[in-house]
Amino acid sequence: MQGHHRKYLLQTFGCQMNVHDSEIIAGILEKEGYVPARDPEEADLILFNTCCVRENPERKVYGRVGDLKRLKEKKPDLIIGICGCMVQQEGELEKIKEQLPHVDLVFGTHNIHRLPELLHQVEAGIKHAYEVWDEEREERDGLVEGLPVKREGDLKAWVTIMYGCDNFCSYCIVPYVRGRERSRPFEEIIAEVTELGREGYKEVTLLGQNVNAYGKGLPEKVDFADLLAALDRIPGIERIRYTTSHPRDFSSKLIKTIAASRKVCEHFHLPLQAGSDKILRKMNRGYTSRRYLDLVAEIREHVPGSSITTDLIVGFPGETEEDFQATLDMIRKVEFDSAFTFIYSPRRGTAAARMPDQVPEDEKRDRIYRLIEVQNEISLRKNEALKGRVVEVLVEGESETNPALLQGRTRTNKLVLFAGDRDALYGKLVDVRVTEPQTWVLKGELASGGEPV
Ligand code: SF4
């Protein structure tokens with residue numbers, strides 16, 4: 001078999017969709033006979049699965065691949081590859097050819113299934129095996145079905161339920177690089193999750209850029225709520241999560257389905273992005289701050305004890321101090337459990353990049369510091385309210401920061417650290433009493449009883 005005993009190093013940038021694509025890429029490579037390498041020196045193939053949502057990771061890829069030129073001179077058989085969202089951008093392939101001519105392999109987000117063929121071409125001495133389909137191609141649909149997957153763990157699994165996005169938020173490049181929205185067939189998802197339950201996985205996270213739009217365009221009349229209700233009945237799986245949810249498409253039916261389910265976790269990640277209606281309109285988000293607050297109220301009424309987290313962008317073009325204050329105001333009103341905060345950076349090819357009134361960098365930085373300060377206070381306050389409470393935790397193993405402790409997450413997706421026997425508890429749901437809540441983590445101890453929250 002070609003590539004037998006050859007070693008690969010795969011580096012992933014970006015979101016969970018990319019992380020899961022990398023699991024598929026690793027699965028394909030291992031089927032081709034490759035084994036993981038520990039470092040670049042011993043690798044025969046170095047592959048970068050890239051992201052283009054922000055500028056920084058993109059610059060990093062150019063820097064790292066540029067640095068590999070020297071290694072390639074020492075080891076001419078080394079295969080260097082770039083794949084993922086970055087290469088789907090208009091003009092990117094030309095830029096790679098010009099600036100990184102030592103790259104052997106390039107493939108896009110729609111060409112993952114073609115990796116073995118492209119790899120064989122490179123191994124056979126073809127200099128540049130490049131294949132990037134544009135979004136007009138139709139054949140890509142369903143092409144990842146049946147590809148091998150090398151999952152990162154044996155407890156939690158990612159399951160893609162839809163591809164692409166039709167929303168065209170004005171700052172976002174995703175619809176251009178991941179294509180239009182397509183839902184995976186209902187039965188295929190059920191079959192994959194049933195198999196995961198049989199294999200011993202305890203938690204699944206359903207992936208899509210906008211999972212709430214699931215079902216549109218499928219021949220059967222099903223929506224995301226129907227999918228969750230069906231997955232809730234699958235044996236073995238204890239927790240169901242999903243990402244990302246667009247607040248505009250979050251229906252009352254979905255909230256009620258989640259409230260009635262046993263396994264769907266009480267964690268709602270609802271990207272707000274901005275608090276000012278003027279900015280939300282310019283972002284093309286399709287909701288107002290009022291609608292968002294109503295949604296939060298409805299969730300809290302039907303799913304008490306749930307956590308709500310968000311994504312926020314500061315410094316969108318035209319954002320005034322008053323608009324920024326509206327974001328702070330929303331944070332205080334909603335009281336998010338936590339927030340991912342971003343400084344707006346223009347992405348080539350998006351509508352927002354061409355908007356006037358770009359906010360100066362120092363102003364953006366000042367705003368994000370103020371934003372983080374307010375949010376951190378709220379996160380700490382919310383976690384402190386859990387002191388003395390018992391939470392249900394899925395034990396994931398040793399803590400990444402303190403191997404003397406175990407770590408796991410609550411159903412509300414809060415990280416919990418506590419002392420315990422790893423071998424006895426790994427993969428189990430345990431009750432932990434919160435003793436020391438902090439901004440980012442809950443420290444606790446195993447509890448012998450009490451009501452999980
Ligand atoms: S919903 Fe908006 S932000 Fe999310 S992927 Fe689609 S266009 Fe991008």
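Owing to the predicted nature of the structure, the values given are computational and were not obtained by experimental measurement. In each ligand, atom 1 is the first atom listed, and ligand 1 is the first ligand listed. Counting begins at 1 with the first residue of the sequence. The figures that follow rest on heavy atoms only: side chains count, while hydrogens, waters and symmetry mates do not.
Side-chain polar atoms of T320 and D323 form a donor-acceptor pair below 3.5 angstrom. Defined by atom type and a distance below 3.5 Å, a donor-acceptor pair is missing between the side-chain atoms of E117 and H120. For the residue pair E319/S276, the side-chain donor-acceptor check at 3.5 Å is not satisfied. When only modelled atom types and interatomic distance are considered, T244 and H269 share no side-chain donor-acceptor pair under 3.5 Å.
Atom 2 (Fe) of ligand 1 has C169 SG as protein N, O or S atoms under 2.8 Å away.
Residue pairs meeting the ring-ring contact (aromatic ring centres under 6.0 Å, His included) criterion with at least one member in residues 204-229, sequence neighbours excluded, are F224-Y242.
Between D277 and R281, none of the side-chain N atoms (NZ, or NE/NH1/NH2) sits under 4.0 Å from a carboxylate O, so this pair counts as no salt bridge.
Scanning the protein for heavy atoms near atom 3 (S) of ligand 1, the closest one is Y171 OH, 3.6 Å.
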